[in-house]
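Read through the structure below, which is laid out as structure tokens, and then see the notes.
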Number of protein chains: 4
Amino acid sequence: MIRRQIDVRIRYRDTDQMGVVYHGVYLEFFETGRTELLRDLGMPYASIEKTGVLLPVLEYSTRMILPARYDDLVTVVTTIAERPGARLRIDYQIFNGDTLLVTGQTVHAFATLGTFRATRPPRAFLELIDAAWKEEE
Amino acid sequence: MIRRQIDVRIRYRDTDQMGVVYHGVYLEFFETGRTELLRDLGMPYASIEKTGVLLPVLEYSTRMILPARYDDLVTVVTTIAERPGARLRIDYQIFNGDTLLVTGQTVHAFATLGTFRATRPPRAFLELIDAAWKEEE
Amino acid sequence: MIRRQIDVRIRYRDTDQMGVVYHGVYLEFFETGRTELLRDLGMPYASIEKTGVLLPVLEYSTRMILPARYDDLVTVVTTIAERPGARLRIDYQIFNGDTLLVTGQTVHAFATLGTFRATRPPRAFLELIDAAWKEEE
Amino acid sequence: MIRRQIDVRIRYRDTDQMGVVYHGVYLEFFETGRTELLRDLGMPYASIEKTGVLLPVLEYSTRMILPARYDDLVTVVTTIAERPGARLRIDYQIFNGDTLLVTGQTVHAFATLGTFRATRPPRAFLELIDAAWKEEE
């Protein structure tokens with residue numbers, strides 16, 4: 001299991017007239033979570049794209065337990081709990097302090113830049129995942 | 001089963017640097033789909049809010065089969081396939097012509113404006129749903 | 001002068017916790033306005049891009065007079081009031097019925113796809129503008 | 001003159017299919033800039049709203065010199081260069097390292113929560129501005 005966390009500040013832009021964060025915005029926080037997890041592993045997503053491999057989102061799901069509100073500093077906990085095969089699954093939890101607000105997950109394919117055809121995960125990527133996995137154990 | 005459809009044009013704003021629609025944007029198309037379904041039933045969401053009842057999104061999930069692209073005119077098909085109880089579940093399909101691009105669903109609570117406490121679906125809302133249901137049968 | 005108008009429905013996504021449209025969202029309505037003006041002239045923006053020419057936004061400015069609100073059906077009036085030279089300037093007004101809510105303008109360059117270098121406006125584009133101009137006079 | 005700076009990471013969500021940041025997104029970075037400036041002065045915007053005063057944006061303008069790109073860590077420099085009167089004007093510059101990418105400004109009113117009527121700037125706000133001004137001199 002690989003797990004990282006990062007804080008995100010809720011902006012006015014993220015709220016709607018219910019006075020809480022618009023439900024779709026949590027996906028943007030998930031994006032920040034997995035981006036910073038990959039950077040922390042030593043392979044920023046931008047560098048994966050430079051090798052010609054994209055990680056498009058195939059599926060996502062989100063459950064809102066309690067709303068995040070304007071100016072909250074929430075914590076996004078991002079977890080890779082399964083070694084990636086043809087697909088990469090990532091789980092997310094958003095907390096305000098100790099209070100769990102939101103859970104979610106995204107499933108990604110590995111695709112070739114340009115053609116969008118399915119491809120294998122880059123070897124360097126798998127090696128980094130494996131190395132990080134061992135460290136966490 | 002109640003089903004309505006509406007067309008949505010993909011804007012530049014909806015795309016990302018993969019050259020396709022950003023995955024989170026489909027939730028905004030789902031919003032347009034259910035808003036126009038409710039309007040067509042004779043009860044615009046804005047009028048439900050005026051009675052003091054909100055329909056916050058509790059859960060959503062989305063599966064991307066094929067990407068929508070800039071300037072595509074996609075069709076959002078919105079379906080209420082279960083009579084709402086404490087929760088309202090809505091299903092969505094996004095097509096480009098006959099090609100299915102995306103499927104998804106949202107689950108909504110009925111909540112009191114201000115307190116966000118769970119409440120019953122407004123009677124007038126259920127009556128409209130029932131009336132529309134009969135018509136479709 | 002070339003002028004076209006189109007209606008846009010305000011979504012929940014477009015609002016913020018002030019209960020009005022977030023100021024930056026008007027730029028997305030301006031995008032819809034100019035996209036539909038170009039389509040109506042017979043040269044959709046997507047077809048301009050296919051010739052290898054982009055129209056990036058160099059500058060924009062917006063003045064909010066009165067707020068647009070959730071579920072308003074606002075009218076975006078888009079005007080090309082100057083024949084384009086090295087730059088294309090477009091003006092916008094957003095109305096709710098007869099009430100002017102917002103005014104704005106965008107200034108665009110013509111740029112080569114890939115390099116982003118400044119280029120001349122495509123001849124076919126200028127001819128369409130000229131033809132539309134004469135019709136309006 | 002009061003000046004603060006903060007870094008913002010460009011997300012996939014912020015890009016469009018030109019491969020650069022969508023022009024309207026800079027307004028969200030400006031929002032982050034002024035929010036953190038106010039927090040740093042000791043008066044977070046959320047606490048101003050709690051006193052019943054809003055600072056809606058009346059006008060904004062932005063000039064794009066060079067594009068920001070995915071995963072860039074850009075610096076937003078936010079400046080209050082005029083003591084606020086009936087209106088508050090804020091200036092912004094966005095840099096990538098030493099390279100200036102974007103300039104902009106927003107003009108805000110002071111308005112009463114609920115009625116949106118123009119009101120005076122809160123005295124505590126003006127005192128903080130004055131105190132910060134002296135410190136910078």
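Source: prediction; values computed, not measured. Chain identifiers are assigned alphabetically (A, B, ...) following the order of the sequence lines, protein sequences preceding nucleic acid strands; residue numbering begins at 1 within each chain.
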Close side-chain approach of D:Ile48 and D:Phe110, heavy atoms under 4.5 Å:
no

Anything under 3.5 Å between chain A and chain D that's a donor-acceptor pair? List each one with its distance, please.
residue: A:Arg11; atom: NH1; partner: D:Glu28; partner atom: OE1; Å: 3.2
residue: A:Arg11; atom: NH2; partner: D:Glu28; partner atom: OE1; Å: 3.1
residue: A:Tyr12; atom: N; partner: D:Glu31; partner atom: OE2; Å: 2.6
residue: A:Tyr12; atom: OH; partner: D:Glu49; partner atom: OE2; Å: 2.5
residue: A:Arg13; atom: N; partner: D:Glu31; partner atom: OE1; Å: 3.2
residue: A:Arg13; atom: NE; partner: D:Glu28; partner atom: OE2; Å: 3.4
residue: A:Glu28; atom: OE1; partner: D:Arg11; partner atom: NH1; Å: 3.2
residue: A:Glu28; atom: OE1; partner: D:Arg11; partner atom: NH2; Å: 3.1
residue: A:Glu28; atom: OE2; partner: D:Arg13; partner atom: NE; Å: 3.4
residue: A:Glu31; atom: OE1; partner: D:Arg13; partner atom: N; Å: 3.2
residue: A:Glu31; atom: OE2; partner: D:Tyr12; partner atom: N; Å: 2.6
residue: A:Arg39; atom: NH1; partner: D:Asp71; partner atom: OD2; Å: 3.1
residue: A:Arg39; atom: NH2; partner: D:Asp71; partner atom: OD1; Å: 2.8
residue: A:Glu49; atom: OE2; partner: D:Tyr12; partner atom: OH; Å: 2.5
residue: A:Asp71; atom: OD1; partner: D:Arg39; partner atom: NH2; Å: 2.8
residue: A:Asp71; atom: OD2; partner: D:Arg39; partner atom: NH1; Å: 3.1

pair A:Ile10-A:Val74: side-chain heavy atoms closer than 4.5 Å
yes

Got a sec, which pairs hit salt bridge (charged side-chain N to carboxylate O under 4.0 Å, His left out) with one end in residues 100-115 of chain D, sequence neighbours left out?
none

So, do D:Pro84 and D:Leu126 sit near enough that their side-chain heavy atoms are less than 4.5 Å apart?
yes

Within a strict 4.5 Å, meaning less than it, do heavy atoms of the D:Phe30 and D:Ile90 side chains meet?
no

Note: A:Pro121 and A:Gly85 closest approach over all heavy atoms is CG-O, 3.2 Å

